[in-house]
2 protein chains.
Amino acid sequence: MTANTRTRLSPDERRTQLLDLGFRLLATRSLDELSIDLLAEEAGVSRGLMYHYFGGKQGFFEAVVQHAADDLYARTAPPAEGEPLERLLASITGYVDYVVANQAGYRSLVKGATAGNDSLRAIYDTTFAALAERFFTADPGGDVFPDTPAVRLVIHAWQAMVEDLVLTWCDSPAGLSREDLLSVITASLPAIIDTLP
Amino acid sequence: MTANTRTRLSPDERRTQLLDLGFRLLATRSLDELSIDLLAEEAGVSRGLMYHYFGGKQGFFEAVVQHAADDLYARTAPPAEGEPLERLLASITGYVDYVVANQAGYRSLVKGATAGNDSLRAIYDTTFAALAERFFTADPGGDVFPDTPAVRLVIHAWQAMVEDLVLTWCDSPAGLSREDLLSVITASLPAIIDTLP
DNA sequence: TGGCGCTATTGAACAATTGTCAATAGACTC
DNA sequence: GAGTCTATTGACAATTGTTCAATAGCGCCA
């Protein structure tokens, strides 16, 4: 299958090709189940090329996670117009649909990122922090929620809940429709914030 | 330091020694940052002994996680007497105190378990499922919460939220006292369940 | 007390994988 | 069509997980 003649691409093309392939392969395997050997063979290139582009297995995984995180962030961008709460709902809907569509990949990357080294966790953390930031900057004038450390703490935890909720719902919807799920997600945030002293 | 004369222990003693050491070492390193070499050297035994007792690195990690999970479950056992809600609060308090006391170890093991293979995830899942089960079997007569798939789904997600909440609170309490934290945790569960359609 | 047997323990050899680097060859320019 | 730049390669070294036959500590019994 792999031609014995090397094909020379531009760095950008090769990079995105490897990243896309990595995302696809990591959807079914975990990071340490994926060897550079397999990756290189699947891509039709040599092992050495992986190190040339990403510096190593770790760097490669970071690049894949960062790529997916950017994609997620872009796909959950709220619309520019509309009521603050409507825009939040649109953003959440985008998140849910993204996770549902990319279930396996999302699961694998999140697991790998949270269990990985500091660089990987940083990507995960900053991405979710950026998503949370929309809750405060969504509407410059009207503040949807007060911006206090306690509220931020609770929102962080609420995000963890939403992640688990969506993934578990994918496995067994428990009789809840997509709209029910969205309703629970959006309604639970103010409900939890209300429990703060 | 390590004597060149081998010391022969009973299987039980050796096993618990290695498990305790593993738990301690895994608190600061992640699983794939911990080599069998280091572990064996630190324990003063040979590499081969690890394989004799645990069958391999994976089996060793599973044993450590299972050990810690049993410990956690035992420490969060609710008192036999008292009102249902009081007993639930006691159980939750036990969980929070355990996580706070064993922060690093808890973090590391949970990360490793959720990112690991099926066996590891099974230990994590069954442990938390057993913890959740107390919410229904706490009081045989009076049902604290209705036992429906949707409620179980939400409780599962609530557990994820609590885990994140406690760990993030450890890093920066955000002006919340331990009692405030416990209050938010206990109050948020019914609040979230109320959002179900 | 001293030899014996059981088995906990060892260490060397093996396998798989990651990482390194000088040499190679494809594509573009003149 | 020759030359240059650099994307790409393949062989080599290092680390780490795993296996297994050989070794030796400890209790038991004469």
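Taking atom CD on B:Glu13 and atom P on C:dT7, their separation rounds to 17 Å, with Å as the unit. When rounded to the nearest whole Å, the span between CG of B:Asp32 and P of C:dT17 equals 15 Å. Look at CZ on A:Phe60: it is 17 Å from P on C:dT17, rounded to the nearest Å. What separates CZ of B:Arg15 from C1' of C:dT9 is a distance of 17 Å, to the nearest Å. Rounded to an integer number of Å, the gap from A:Lys57 NZ to C:dG19 P is 8 Å. Spacing between atom CG of B:Leu31 and atom P of D:dT16 amounts to 13 Å, rounded to whole angstrom units. When the C1' atom of D:dT19 is taken as reference, atom CD of B:Gln58 falls 18 Å away, rounded to whole Å. Taking atom CG on B:Leu38 and atom C1' on D:dG17, their separation rounds to 15 Å, with Å as the unit.
Within 4.0 Å of A:Ser46, counting heavy atoms only, lies at least one base atom of the nucleic acid. Using a 4.0 Å heavy-atom distance criterion, B:Leu39 is classed as making no nucleic acid contact. When heavy atoms are screened at a 4.0 angstrom cut-off, A:Arg14 is found touching the sugar-phosphate backbone but no base atom. Residue A:Thr7 is in sugar-phosphate contact alone, with no base atom involved, counting any heavy-atom pair closer than 4.0 Å across all strands shown.
Among residues two or more places apart in sequence or in another chain, the side chain to side chain donor-acceptor pair (under 3.5 Å) test is passed with B:Ser108 by none.
Heavy-atom distances under 4.0 Å link DNA chain D to B:Tyr51, B:Gly56 of residues 48-56 of chain B, given in residue order.
Ion pair B:Lys57/B:Asp32 not flagged as a salt bridge, since none of the NZ, NE, NH1 or NH2 atoms sits closer than 4.0 Å to an Asp/Glu carboxylate oxygen.
Looking at heavy atoms from C-beta onward, B:Leu19 lies in side-chain contact with B:Phe54 at the 4.5 angstrom threshold.
For B:Pro11, counting side-chain heavy atoms from C-beta on, the closest listed nucleotide (C:dA8, C:dA13, D:dT16) is C:dA8. Across D:dT9, D:dT18, C:dG19, the shortest atom-to-atom separation from the side chain of A:Arg6 is found for D:dT9.
Between the side chains of A:Thr76 and A:Arg134, at least one donor-acceptor pair of N or O atoms lies under 3.5 Å.
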ask   = Yes or no on side-chain hydrogen bond (donor to acceptor under 3.5 Å, both in side chains) for B:Ser183 and B:Asp180, after CA distance, side-chain angles and deciding distance?
value = CA-CA 5 Å; B:Ser183 165; B:Asp180 290 337; 6.0 Å; no

Kindly list each side-chain donor-acceptor pair under 3.5 angstrom involving residues 157-164 of chain B, sequence neighbours excluded, with atom names and distances?
{"residue": "B:Trp158", "atom": "NE1", "partner": "B:Ile185", "partner atom": "O", "Å": "3.3"}
{"residue": "B:Trp158", "atom": "NE1", "partner": "B:Ser188", "partner atom": "OG", "Å": "3.1"}
{"residue": "B:Gln159", "atom": "NE2", "partner": "B:Phe128", "partner atom": "O", "Å": "3.1"}
{"residue": "B:Glu163", "atom": "OE1", "partner": "B:Tyr106", "partner atom": "OH", "Å": "2.8"}
{"residue": "B:Glu163", "atom": "OE1", "partner": "B:Tyr124", "partner atom": "OH", "Å": "3.0"}
{"residue": "B:Glu163", "atom": "OE2", "partner": "B:Tyr124", "partner atom": "OH", "Å": "3.3"}
{"residue": "B:Asp164", "atom": "OD1", "partner": "A:His156", "partner atom": "ND1", "Å": "2.7"}
{"residue": "B:Asp164", "atom": "OD1", "partner": "A:Ala157", "partner atom": "N", "Å": "3.4"}
{"residue": "B:Asp164", "atom": "OD1", "partner": "B:Thr168", "partner atom": "OG1", "Å": "3.2"}
{"residue": "B:Asp164", "atom": "OD2", "partner": "A:His156", "partner atom": "ND1", "Å": "3.2"}

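How far CD1 of A:Ile36 is from CE of A:Met50: 5.0 Å, rounded to the nearest 0.5 Å.
The residue among B:Val45 and B:Arg8 whose nearest nucleotide of DNA chain C lies closer to the 5′ end is B:Arg8. In terms of position on DNA chain D, the residue among B:Leu9 and B:Arg47 whose nearest nucleotide sits closer to the 5' end is B:Arg47.
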